[in-house]
Amino acid sequence: MEKEDLTLFRDMARRAFEQEIEPHFERWEDEHMTPRELWNTFGAAGLLAPDVSEEYGGAGTTPHVTLALMEELSRLGYGGIATGYSIHSNIVVPYVARHGTEEQKQQWLPKMVSGEVVGALAMTEPGAGSDVQGIRTTAVKDGDEWVLNGSKIFITNGIHADLVIVAALTEPGKGAKGTSLFLVDTSLPGLDRNPIRKIGQHTSDTAGLFFQDMRLPANALLGELNKGFIIMMDELPRERLGIAAQAIAAAEGALDATVEYVKERKAFGQTIGAFQNTRFKLADVRTQIALNRALYEQCADEYSRGELTADKAAMLKLAATEMQCSTIDDCLQLFGGYGYTVEYPISRFYTDARIQRIYGGSSEIMRELIARTMLGR
Ligand SMILES: Cc1cc2nc3c(=O)[nH]c(=O)nc-3n(C[C@H](O)[C@H](O)[C@H](O)COP(=O)(O)OP(=O)(O)OC[C@H]3O[C@@H](n4cnc5c(N)ncnc54)[C@H](O)[C@@H]3O)c2cc1C
């Protein structure tokens, strides 16, 4: 898609998101959940995973378009919805599209584009977050079937998900080399799910999942047996690119709201925007956003060409999410006490931002990864 077309598409998507979300957003935040039908609404409007190829019902665009939709949700301040959208369109869909068999792609992708199927990815467990190699969920072969047992925590889209990609041990004791991925149809018996309440991103559906003797068909295996860890590592750059897209657009949305506010609010006989401190803070925030956006555009182009490296994606995720949190904190400060109230959207930008430095690999894990590429271990 050409740049001008992408801008038009962004504007169209932004209007659609505002129309479908804004009238209900406060209620959904209070309820800590979006309705399941929102996914069908997005699908009917052609807004889910546009980069899926046309033979599976998508629009066959480059990943830039999917990322642009995540940006618009984030810029509008719908941080929780952006995260759910991202897991579905920017993570689960590419896992299936890049690693699924023809039969698996036919089975799942068209329904993920239409919103009939909501996707989730379940790696994290109560005893294994940053250290994914420590997972304990098992999938044991029994005849033609797999029997899944274990629990996962903090799974985005966990309550609504119809399809969960689950990481499980198929050769316990071998860690990463004994881990496989499964396409789990949540309508099968043996799954319990519990919603998890958070301090931000309330509209993001986050859940604990419990698998008890869940029997999966042989064709639920995604990719090769015991190669699940390699697939997860392969897909992390795209996940991190997406989190950076959310971070930068949210910072831009927060800055726009702050500029409007400081032009109106007065203290000591002048607008807040007239104080040199305000002007310098806003200038610094804008500069930080511009620097991160430049790196992001470079990484998005590299990803589209299949050239984005794991360490560069880690640098981008680290820089963009740290920038998001610090710049939104600066913006909130300029709202004074009003910034701390739920009436002003800047407070939601602030609470929604905090998790960005933790999920998808924490800032500390990003630093480890970047250092490892320099030092060799
Ligand atoms: C809202 C939300 C949504 C999420 N969505 C998903 C999802 O859809 N799917 C999924 O699988 N997971 C998801 N997660 C889980 C998320 O990815 C993990 O929380 C994250 O990877 C951190 O793991 P942990 O919480 O177990 O923290 P821990 O791994 O226990 O880490 C605790 C602290 O120790 C630090 N630390 C750990 N190891 C090191 C080290 N080697 N060096 C230095 N510091 C270290 C960490 O950076 C962190 O500060 C989500 C989490 C949340 C809260």
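One-based numbering, in listed order, for ligands and for the atoms of each.
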Under 30°, 30 to 60°, or over 60°: which ring-plane class applies to Phe42 and Trp39, parallel, tilted or perpendicular?
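It falls in the perpendicular class, over 60°.
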
Mark whether atom 37 (C) of ligand 1 lies under 4.0 angstrom from at least one protein heavy atom.
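Given the 4.0 Å cut-off, atom 37 (C) of ligand 1 counts as touching protein heavy atoms.
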
Close approach of Ala167 to ligand 1, heavy atoms, under 4.0 angstrom:
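The answer is no, since Ala167 has no heavy atom less than 4.0 Å from ligand 1.
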
side-chain contact (heavy atoms from CB on, under 4.5 Å) for Asn90 and Tyr85? Distances and angles first, verdict last.
CA-CA 8 Å; Asn90 194 53; Tyr85 178 94; over 6 Å; no

At under 4.0 Å between heavy atoms, is it the side chain or the backbone of Ile87 that contacts ligand 1, or both, or neither?
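The part of Ile87 near ligand 1 is the side chain, not the backbone.
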
At under 4.0 Å between heavy atoms, is it the side chain or the backbone of Ser362 that contacts ligand 1, or both, or neither?
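Side chain only; the backbone of Ser362 stays clear of ligand 1.
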
Can you see whether Lys312 engages Gln298 through a side-chain donor-acceptor pair at a distance of less than 3.5 angstrom?
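Side chains of Lys312 and Gln298: pair found under 3.5 Å.
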
Which residue and non-hydrogen atom of the protein lie closest to [atom], and at what distance in Å?
atom                    : result
atom 2 (C) of ligand 1  : Tyr359 CD2, 3.9 Å
atom 4 (C) of ligand 1  : Phe154 O, 3.0 Å
atom 31 (O) of ligand 1 : Ser130 OG, 3.7 Å
atom 10 (C) of ligand 1 : Thr124 OG1, 3.3 Å

Partner residues of Phe25 under the ring pair (Phe, Tyr, Trp, His ring centres under 6.0 Å) criterion, sequence neighbours left out:
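Testing Phe25 for ring pair (Phe, Tyr, Trp, His ring centres under 6.0 Å), a comparison that skips the adjacent residues, returns Tyr78.
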
Tell me every residue that passes ring pair (Phe, Tyr, Trp, His ring centres under 6.0 Å) with Tyr303, counting only those two or more places apart in sequence or in another chain.
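Residues passing ring pair (Phe, Tyr, Trp, His ring centres under 6.0 Å) with Tyr303: none at all.
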
With respect to [atom], which of [options] exhibits the smallest heavy-atom separation?
atom                    : options                        : answer
atom 3 (C) of ligand 1  : Ile199, Leu369, Thr156, Ile196 : Thr156
atom 44 (N) of ligand 1 : Lys198, Glu364, Met366, Glu125 : Glu364
atom 42 (N) of ligand 1 : Met232, Glu368, Lys152         : Glu368

